[in-house]
Chemist: 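Before we start, here is the structure in question, set down as structure tokens.
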Amino acid sequence: MNVFINKNIPEAGIVLLREKGINLTINPTENVLSRDEFIKICQENDALLNVGTNNFDEDFFQQCPNLKGIALFSVGFDAVNIASANSRKIPVGNTPDVLSRATSDIAFLLMQSVARKSFYNHKKIINGEWGSFNPLANLGQELYGKTLGIFGLGRIGFEMAQKCKAAFGMNIIYHNRSHNENAENELNAELVDFETLLAKSDVLSVHSNYTEENNELFNKSAFAKMKPSSIFINTARGKFHNEDDLYHALTNNIIWGAGLDVTNPEPMKKDNPLLSLPNCCILPHIGSATYEARSAMAVCAAQNIIALFENKKMPFCVNEEVYF
């Protein structure tokens, strides 16, 4: 089987694939391929191990009729038209669980960074603006006993809730399509409707899988229903929030601050006005960027490809219906 990997991945995954005798074509550069280049190479291979945000729409599947499977180097699979994959019996795999801790660490980091305006104060040192001690300057807020609201309390959201409960004794509320009994039993988490989540959260952290129905769900209307002292955190997908509306909320004291590891669009331009705000902390989508998490992701992706090679069900398949 011939497999294309569009960006280099940690060696742990490459070793597993080569041990199985799978023929690999790896993009030797960090350059992003054009869509035409990407499709042309996919047409020449049996399977794809994809890193990054290529769009797997109906047009892609039409142009790559020989493709037998896709292994994503990510948890999210919103870039894949699952209906198109299903109609062709193409399994799609992802890398769940292994990056939950690392991604929740970033959400936890951003929450504290926003609360204490740390990015902004670091810039003041660089700009020679440390100044003398002022009892009324650089004031942040403490998180002890506050309410954490989770939008999408799955694996990553649970890790975030655990950290906040343990570190700050935070109360946990969440909005899901169904109950998370584990969170309710272990963390005394409370399932609430979306309006209540907005109104009661001191910190609102997004951890849901993205779907089109949630596109820019966190917009002017949503921010207006949040507390003026609240913090908005997004480490899921940038499309969950409208950045113009977020800027308006941050500059008009509608919410306290925001921490983003994902942006809309992504990557963010260097002159984006959000980057200049004292109450906004932004990172370049590094949620899974640890040696441990990325190596584990490589192993998961490789295991999905190997299962395809051995005519077995992908162990981390997001569209298991293709096997029935």
Side-chain angles (χ1 to χ4, degrees), residues 32 52-53 76 78-79 102-130 137-141 143 146 148-152 156-157 160 164 194 197-198 201-208 210 212 214-289:
V32 176
T53 56
D78 49 284
T103 303
S104 68
D105 285 347
I106 289 296
F108 191 71
L109 169 67
L110 285 168
M111 176 184 70
Q112 294 179 84
S113 297
V114 174
R116 298 301 296 270
K117 301 181 180 178
S118 62
F119 286 27
Y120 169 71
N121 283 303
H122 175 69
K123 289 178 184 176
K124 288 180 69 175
I125 299 172
I126 294 173
N127 295 333
E129 299 170 357
W130 187 314
N138 305 323
L139 301 183
Q141 59 171 289
L143 299 167
K146 298 289 181 68
L148 171 70
I150 300 281
F151 182 81
I156 299 172
M160 174 64 167
C164 292
F194 185 61
L197 186 81
L198 294 173
S201 296
D202 294 301
V203 177
L204 199 164
S205 193
V206 181
H207 298 285
S208 178
Y210 174 80
E212 283 298 324
N214 290 327
N215 186 59
E216 298 190 351
L217 179 66
F218 294 93
N219 52 27
K220 187 175 182 178
S221 174
F223 294 132
K225 296 172 183 176
M226 293 171 65
K227 297 179 181 181
S229 59
S230 65
I231 294 171
F232 174 72
I233 303 294
N234 188 2
T235 57
R237 284 289 186 267
K239 290 182 179 180
F240 273 111
H241 65 261
N242 179 296
E243 290 200 350
D244 289 338
D245 291 352
L246 178 59
Y247 180 83
H248 178 267
L250 292 171
T251 54
N252 288 276
N253 300 316
I254 294 170
I255 64 174
W256 165 275
L260 309 175
D261 188 44
V262 289
T263 60
N264 183 20
E266 194 169 302
M268 175 178 273
K269 293 182 179 180
K270 65 179 182 180
D271 60 352
N272 190 302
L274 286 172
L275 292 168
S276 65
L277 298 183
N279 55 347
C280 190
C281 299
I282 302 173
L283 294 171
H285 205 154
I286 60 169
S288 65

Chemist: Asn127 side chain to Glu129 main-chain N or O, any donor-acceptor pair under 3.5 Å?
Modeler: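 No: the side chain of Asn127 does not pair with the backbone of Glu129.
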Chemist: Hey, what do you get for CZ (Phe240) to CG (Asn219), rounding to the nearest 0.5 Å?
Modeler: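 So the gap between those two atoms works out to 13.0 Å.
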Chemist: Check whether any side-chain heavy atom of Leu110 lies under 4.5 Å from a side-chain heavy atom of Leu260, and answer yes or no.
Modeler: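 Sidechains of Leu260 and Leu110: no contact.
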Chemist: For Lys146 and Gln141: C-alpha separation, side-chain torsions, deciding distance, then whether side chain to side chain contact (heavy atoms under 4.5 Å, CB included) applies.
Modeler: CA-CA 10 Å; Lys146 298 289 181 68; Gln141 59 171 289; 3.2 Å; yes
Chemist: Look only at the side chain of Glu266 and the backbone of Gly238, and say whether a donor-acceptor pair between them is shorter than 3.5 Å.
Modeler: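 Checked: no pair found.
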Chemist: Check the pair Ile231 / Ile255 against side chain to side chain contact (heavy atoms under 4.5 Å, CB included), numbers first and verdict last.
Modeler: CA-CA 7 Å; Ile231 294 171; Ile255 64 174; over 6 Å; no
Chemist: Heavy atoms only: give me the nearest Pro273-Ser276 pair and the separation to one decimal.
Modeler: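 For Pro273 versus Ser276, the nearest heavy atoms are O-OG, 2.8 Å.
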Chemist: So does Arg237 get a backbone contact from the side chain of Asn234, meaning a donor-acceptor N/O pair under 3.5 Å?
Modeler: yes
Chemist: So how far is it from Asn279 CG to Phe119 CZ, rounded to the nearest 0.5 Å?
Modeler: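 Separation between the atoms: 13.0 Å.
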Chemist: Considering all heavy atoms of both residues, which atom of Ser288 and which atom of Ala102 are nearest to each other, and what is their separation?
Modeler: CA-CB, 4.3 Å
Chemist: Main chain of His248, side chain of Asn252: is a donor-acceptor contact present, judged purely on distance under 3.5 Å?
Modeler: yes
Chemist: Would a distance-only check, ignoring hydrogens and angles, find a side-chain to backbone donor-acceptor pair under 3.5 Å from Ser230 to Met226?
Modeler: no
Chemist: Angle between ring planes, Phe218 versus Phe223, binned at 30° and 60°: parallel, tilted or perpendicular?
Modeler: tilted
Chemist: Side chain to side chain contact (heavy atoms under 4.5 Å, CB included) for Thr103 and Ile106? Distances and angles first, verdict last.
Modeler: CA-CA 5 Å; Thr103 303; Ile106 289 296; 5.6 Å; no
Chemist: Mind running side chain to side chain donor-acceptor pair (under 3.5 Å) on Tyr247 and Asn272 for me, showing each step along the way?
Modeler: CA-CA 10 Å; Tyr247 180 83; Asn272 190 302; over 6 Å; no
Chemist: Is there a donor-acceptor pair closer than 3.5 Å between any side-chain N or O of Thr263 and the backbone N or O of Pro265?
Modeler: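 Checked: pair present.
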Chemist: Measure across His207 and Ala107 and return the closest heavy-atom pair with its distance rounded to 0.1 Å.
Modeler: CE1-CB, 3.7 Å
Chemist: Would a 4.5 Å heavy-atom cut-off, applied to side chains only, mark Asn242 and Lys220 as touching?
Modeler: no
Chemist: Side chains of Val206 and His241: does their closest heavy-atom pair fall under 4.5 Å?
Modeler: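 Not touching, per the 4.5 Å side-chain cut-off.
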Chemist: I'd like to check Trp256 versus Val114 (side-chain heavy atoms, cut-off strictly below 4.5 Å). Are they in contact?
Modeler: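 The answer is yes; the side chains approach within 4.5 Å.
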Chemist: Locate the shortest heavy-atom distance separating Ser104 from Ile156; write the atom from each residue and the value.
Modeler: CB-O, 3.7 Å
Chemist: Taking C-beta and beyond as the side chain, do Ile233 and Thr235 meet within less than 4.5 Å on heavy atoms?
Modeler: yes
Chemist: Looking at CD1 of Ile254 and NZ of Lys225, how far apart are the two atoms once the value is rounded to the nearest 0.5 Å?
Modeler: 13.0 Å
Chemist: Looking only at non-hydrogen atoms, find the nearest pair between Ser201 and Gly149 and report the distance.
Modeler: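 Closest heavy-atom pair between Ser201 and Gly149: OG-CA, 3.2 Å.
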Chemist: Given side chain to side chain contact (heavy atoms under 4.5 Å, CB included), test Trp130 with Lys124 step by step and report yes or no.
Modeler: CA-CA 6 Å; Trp130 187 314; Lys124 288 180 69 175; over 6 Å; no
Chemist: Using a 4.5 Å cut-off on heavy atoms from C-beta on, say whether the side chain of Met111 contacts that of Cys164.
Modeler: yes
Chemist: From Asn264 CG over to Asp244 CG, what is the distance, rounded to the nearest 0.5 angstrom?
Modeler: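 The distance works out to 9.0 Å.
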Chemist: Do Asp261 and His285 pass the side chain to side chain donor-acceptor pair (under 3.5 Å) test, and can you show the C-alpha distance, the side-chain angles, and the key distance before you say yes or no?
Modeler: CA-CA 5 Å; Asp261 188 44; His285 205 154; 5.0 Å; no
Chemist: Is there a side-chain contact between Ile150 and Ser205 in this structure, where contact means two heavy atoms from C-beta onward sitting under 4.5 Å apart?
Modeler: yes
Chemist: Verify whether one side chain among Asn138 and Tyr120 offers a donor that lies under 3.5 Å from an acceptor in the other.
Modeler: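 No, no side-chain donor-acceptor contact under 3.5 Å.
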Chemist: Is the shortest heavy-atom distance from the side chain of Pro228 to the side chain of Asn253 under 4.5 Å?
Modeler: no
Chemist: Checking side-chain polar atoms at under 3.5 Å, does Lys239 have a donor or acceptor matched by the opposite partner on Asn214?
Modeler: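 No, no side-chain donor-acceptor pair sits under 3.5 Å.
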